[in-house]
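Here the structure comes first, spelled out in structure tokens, and everything after it is commentary.
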Amino acid sequence: MNILTKRSWELPEREATPEHVFLNRRQILAGLAGGGALLGSGLGMRPAFAEADPSAGLYPVPRNSTFTLDRPVTDEDVASKYNNFYEFGSHKQIWPAAQNLEIRPWTVMLDGLIDNSQTIDIDALLAKMPLEERLYRHRCVEAWSMAVPWSGFPLAELVKLAGPQTGAKYLRFETFLNPEVASGQKQSWYPWPYVEGLTLAEATNELAFMATGIYGKPLAKQFGAPIRLVTPWKYGFKCIKSVVRISFTDKRPVSFWEEIQPKEYGFWANVNPSVPHRRWPQATEKLLGTDQRRNTLLYNGYEEQVAGLYKDMSGELLFM
Ligand SMILES: Nc1nc2c(c(=O)[nH]1)N[C@H]1C(S)=C(S)[C@@H](COP(=O)(O)O)O[C@H]1N2
Ligand SMILES: [Mo]
């Protein structure tokens with residue numbers, strides 16, 4: 001079963017290339033001309049003094065045993081120190097810089113084609129929602145993966161609260177915008193704020209989840225506190241962090257990465273081992289914190305739950 005060879009898990013340089021290197025010349029020049037400088041991304045770091053999170057008493061929450069793993073849970077310390085969160089730097093060790101993010105007060109605006117437009121305080125939202133824990137796989141397009149216990153609530157519950165109108169077909173998610181706190185947002189060649197999107201059908205699929213905690217505690221800031229999206233059948237970049245706004249619309253949102261490089265990052269971004277990305281073969285993945293690689297699974301192993309969403313969509317680029 002395990003046919004690993006030493007060579008197979010050594011990351012070729014090609015696979016180790018982070019998400020951002022394809023920024024085109026025009027974007028970089030535009031950014032520099034706009035006054036942005038190639039600032040060291042270590043700026044703004046300060047020691048991680050964790051202030052008390054007012055939601056700490058809510059955790060741990062009961063585990064929903066419907067969702068099981070085929071691999072061990074990734075070590076918390078490993079997952080907490082290897083993150084993609086470009087707002088705090090275009091490298092993996094952003095966890096110290098991310099401690100700058102102030103997560104209270106925090107509100108989430110629900111607007112667009114809904115009956116119940118509102119701006120809701122995060123703690124009021126947490127009090128309303130049925131919190132549960134789910135073990136999910138996470139697959140980054142850079143060909144690494146992890147398996148973690150998220151706490152949070154089904155996105156479908158938030159959709160219910162919003163009350164979508166007939167015309168609403170998509171959800172458009174937005175991350176906070178504050179370059180003073182998140183020095184990555186001073187890099188003006190990126191189209192801040194980070195944006196992602198789902199169809200309403202995807203958002204109401206049982207797997208779509210809003211995470212507010214991880215490892216039995218409130219989300220640490222580097223994971224996208226206080227609330228982030230989790231869509232485990234899609235590549236990790238869909239899982240937008242530190243969400244401040246969710247707009248219901250009739251137009252397909254253009255996501256952050258799609259805007260930067262539409263040839264490499266599409267709207268659907270469903271995991272498929274047999275559709276290579278331009279820069280990363282997708283057949284296998286490195287398990288974070290181990291020396292192992294595993295075969296990547298169609299829809300990251302969630303085919304049973306989500307394949308139905310995509311039947312009759314033959315014209316769409318479902319896997320990029
Ligand atoms: N706002 C925001 N959300 C983001 C990102 C980001 O840079 N900014 N990176 C994405 C990518 S590429 C991945 S793989 C996951 C990483 O989540 P993790 O750091 O919790 O493992 O977050 C996603 N959400
Ligand atoms: Mo990613």
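As the structure lists them, so they are numbered: ligands from 1, and atoms in each ligand from 1. Since we're looking at a predicted model, the values are computed, not measured. The figures that follow rest on heavy atoms only: side chains count, while hydrogens, waters and symmetry mates do not.
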Practice prompt. Establish, yes or no, whether a centroid distance under 6.0 Å links the rings of Y82 and W95.
Written response: no
Item to complete: Verify whether one side chain among T284 and R293 offers a donor that lies under 3.5 Å from an acceptor in the other.
Response: yes
Worksheet, complete the sentence: protein heavy-atom neighbour closest to atom 20 (O) of ligand 1 works out as R228 NH1, 3.1 Å
Item to complete: Enumerate the atoms of ligand 1 whose separation from the nearest heavy atom of T175 is less than 4.0 angstrom.
Response: 1 (N)
Fill in: Between F256 and W192, ring centroids under 6.0 Å
yes
Worksheet item: Can you tell me which residue and heavy atom of the protein come closest to atom 24 (N) of ligand 1, and the distance to 0.1 Å?
Response: C239 O, 2.8 Å
Worksheet item: Please state which protein non-hydrogen atom is closest to atom 21 (O) of ligand 1 and give its distance, to 0.1 Å?
Response: M146 CE, 3.1 Å
Fill in: For atom 15 (C) of ligand 1, closest protein heavy-atom neighbour
G236 O, 3.6 Å
Worksheet item: Can the positive tip of K286 be found less than 6.0 Å from the middle of the six-membered ring of W144, inside 45° of the ring normal?
Response: no
Worksheet entry | Shortest protein heavy-atom distance from atom 8 (N) of ligand 1, along with the residue and atom involved | E87 OE1, 2.8 Å
Worksheet item: Quick one: which of F85, Y194, Y235 has a heavy atom closest to atom 10 (C) of ligand 1?
Response: Y194
Worksheet item: Step by step, would you call E102 with R104 a salt bridge (Lys or Arg N to Asp or Glu O under 4.0 Å)?
Response: CA-CA 6 Å; E102 289 191 14; R104 292 297 185 288; over 6 Å; no
Practice prompt. Would you mind finding which of I94, V195, N84 brings a heavy atom closest to atom 16 (C) of ligand 1?
Written response: N84
Discussion item. If we set the cut-off at 4.0 Å for heavy atoms, which region of Y86 has an atom near ligand 1: side chain, backbone, both, or neither?
Written reply: both
Worksheet, complete the sentence: For G224 and K241, the nearest pair of non-hydrogen atoms, with its separation, is CA-CB, 3.4 Å
Item to complete: Show which atoms of ligand 1 fall inside a sub-4.0 Å distance from at least one heavy-atom site of C140.
Response: 14 (S)
